[in-house]
2 protein chains.
Amino acid sequence: MRVLQTRCTDGFRSRCHWITRGGEDRAAAIRDRLRDAIVDRRLAPGTKLNETEVGALFDVSRTVVRAALQALTYEGLLTSERNRGAFVASPTPDEARHVFDARRLIEPGLVAAAIKRLGPSEIAAFRARLEEEDHVLHQTGPMARRAEINASGDFHLLLARVAGNAIIQRFMEELLARSSLVIALYGRSGASSCGHGDHANILAALEQRDAERASQLLVSHLDHIEADLDLRTKGSLPLREALGGRAG
Amino acid sequence: MRVLQTRCTDGFRSRCHWITRGGEDRAAAIRDRLRDAIVDRRLAPGTKLNETEVGALFDVSRTVVRAALQALTYEGLLTSERNRGAFVASPTPDEARHVFDARRLIEPGLVAAAIKRLGPSEIAAFRARLEEEDHVLHQTGPMARRAEINASGDFHLLLARVAGNAIIQRFMEELLARSSLVIALYGRSGASSCGHGDHANILAALEQRDAERASQLLVSHLDHIEADLDLRTKGSLPLREALGGRAG
DNA sequence: TTTGCCTAGATTGTATGCAATCTAAGCCCG
DNA sequence: CGGGCTTAGATTGCATACAATCTAGGCAAA
């Protein structure tokens with residue numbers, strides 16, 4: 001209780017304004033912040049995450065940063081090379097297809113499980129989510145698309161949560177985060193990457209407890225998203241990454 | 001090249017005989033060793049893994065041990081409590097059911113994917129695996145059952161590998177490791193936890209490219225394994241764990 | 001005897017220092 | 001002028017020191 005203010009709590013230390021919740025787990029907090037930044041695409045694939053730099057940003061030592069980076073590496077959001085450091089992952093087209101294959105494999109089962117546990121409160125949660133999507137969709141601007149993709153993922157995440165299996169839920173969280181990376185890399189800006197109507201239709205099928213139909217809708221929804229990607233291996237992409245990252 | 005032999009290389013230091021591969025990743029090596037020990041049930045659920053102790057065992061510093069423990073925690077094989085340490089996970093009955101629910105959800109999809117990529121070499125690999133199972137099955141003794149369970153898991157793992165999706169494969173690896181924990185906790189020693197004939201039948205269906213039948217066989221195989229568990233919440237189990245773990 | 005507090009030891013969380021490795025700029029040589 | 005080598009700086013891997021916290025045992029009071 002004494003030494004804690006060595007770290008922060010005085011407002012003008014200018015960094016740390018967020019982490020450093022007294023006794024909480026700071027590595028986890030940093031991990032979450034970095035993950036948000038990655039799935040929100042504020043950190044582009046290929047970006048290097050320098051341990052010292054990140055540490056300075058959050059005002060913690062490299063020890064803590066390394067724990068956060070290791071966790072994200074395990075989640076597949078970073079790739080780390082020995083003695084070289086950690087980089088925001090840039091999935092290959094094959095890996096991108098694997099992500100969507102995995103989702104097509106898992107999510108229909110999720111539908112079946114979710115229907116069994118679907119009560120009024122769950123339906124209400126789904127409706128609230130759709131409204132949120134609607135809200136986001138009517139906005140414009142640079143970060144509107146970011147929010148749109150996030151909101152879209154949240155629908156699928158809610159499906160996983162309703163299914164009520166913590167393990168599968170974590171798998172889905174990982175798959176959704178990876179999806180965000182894939183869309184960041186291969187998404188064609190022109191097309192709306194995640195049709196909003198799809199979600200509404202899926203929910204309708206869920207409410208009717210029509211697992212078969214909901215699954216079909218879900219799968220074609222995923223097909224649709226994947227079709228909007230440009231997964232051809234163009235020579236420029238590996239090059240751009242070989243150049244060492246970042247958007248600029 | 002100079003400092004390395006500070007660590008090991010002289011035979012009578014009595015520890016280190018295995019880790020410390022020059023430039024390799026020692027945390028990963030320790031992680032793998034610990035995981036083997038857990039899924040082989042040499043480390044019982046609830047066992048505490050003391051950082052200093054593990055470090056002394058492998059002759060590395062706590063820094064490296066912590067990385068290994070963090071990885072295993074992420075995989076769900078350990079649970080770690082802040083300021084208290086890491087323990088071999090002991091899944092609750094609910095979590096145990098979640099493991100098998102997840103496998104029932106994923107493995108049928110695995111069958112479908114595997115059949116698409118099933119060639120002569122894959123079939124040969126399956127046959128070799130079954131022979132290995134046979135071999136293990138005919139052995140007796142204390143560690144025969146351990147090997148049996150391991151071999152059984154390997155069949156499912158091979159299925160995941162043949163399916164050719166690295167992400168799903170990793171999910172399956174995690175689920176199989178957790179299955180081993182669950183069986184360790186709730187398995188009834190009397191019943192053969194994983195019928196060997198089941199695998200042969202599944203393979204037969206795979207060879208006929210009958211995905212429907214293979215899936216059905218697989219699911220009832222999983223049902224069978226789960227049925228052999230005793231998932232009733234007996235008052236003694238939480239108590240025994242509250243007492244602080246270990247078998248004795 | 002039991003309950004509660006308190007202190008000493010053990011254990012984990014974090015920062016920091018040093019060695020190993022990588023990276024990039026400068027230099028020599030062709 | 002271009003290419004390979006060398007070296008200084010930057011960065012990661014690891015060990016260790018110290019701080020924060022937990023745990024266990026003893027002691028006193030009810």
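Lettering of chains follows the sequences in order, A, B, ..., and the numbering in each one begins at 1.
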Out of [options], which has the shortest distance to the side chain of [X]?
{"X": "B:E51", "options": "D:dC14, C:dT14, C:dG13", "result": "C:dG13"}
{"X": "B:K48", "options": "C:dT11, D:dG13, D:dA15", "result": "C:dT11"}
{"X": "B:V64", "options": "D:dA15, C:dG13, C:dG17", "result": "D:dA15"}

Side-chain N or O of [X] closer than 4.0 Å to phosphate OP1/OP2 of [N]:
{"X": "B:N83", "N": "D:dT23", "answer": "no"}
{"X": "A:R62", "N": "C:dC18", "answer": "no"}
{"X": "B:R66", "N": "C:dG13", "answer": "yes"}

Separation of atom [atom1] in [X] from atom [atom2] in [N], rounded to whole Å:
{"X": "B:L69", "N": "C:dT11", "atom1": "CG", "atom2": "C1'", "answer": "13 Å"}
{"X": "B:E53", "N": "C:dT11", "atom1": "CD", "atom2": "P", "answer": "8 Å"}
{"X": "A:L49", "N": "D:dA10", "atom1": "CG", "atom2": "C1'", "answer": "17 Å"}
{"X": "A:R84", "N": "C:dA24", "atom1": "CZ", "atom2": "C1'", "answer": "13 Å"}
{"X": "B:F87", "N": "D:dC22", "atom1": "CZ", "atom2": "P", "answer": "13 Å"}
{"X": "B:R26", "N": "D:dT12", "atom1": "CZ", "atom2": "C1'", "answer": "13 Å"}
{"X": "B:E81", "N": "C:dT12", "atom1": "CD", "atom2": "C1'", "answer": "12 Å"}
{"X": "B:D25", "N": "D:dC14", "atom1": "CG", "atom2": "C1'", "answer": "12 Å"}

Would you check, one step at a time, whether the test side-chain hydrogen bond (donor to acceptor under 3.5 Å, both in side chains) holds for B:T52 with B:R62?
CA-CA 6 Å; B:T52 307; B:R62 284 176 46 221; 4.5 Å; no
Step by step, work out the side-chain hydrogen bond (donor to acceptor under 3.5 Å, both in side chains) result for A:H98 and A:R178.
CA-CA 10 Å; A:H98 282 178; A:R178 291 175 107 122; over 6 Å; no
Flag, side chain of [X] to backbone of [Y], donor-acceptor distance under 3.5 Å:
{"X": "B:S180", "Y": "B:V39", "result": "yes"}
{"X": "A:Q70", "Y": "B:A67", "result": "yes"}
{"X": "A:K48", "Y": "A:R84", "result": "yes"}

Does B:N50 or A:S61 map to a spot on DNA chain C nearer the 5' end, using the closest nucleotide for each?
B:N50
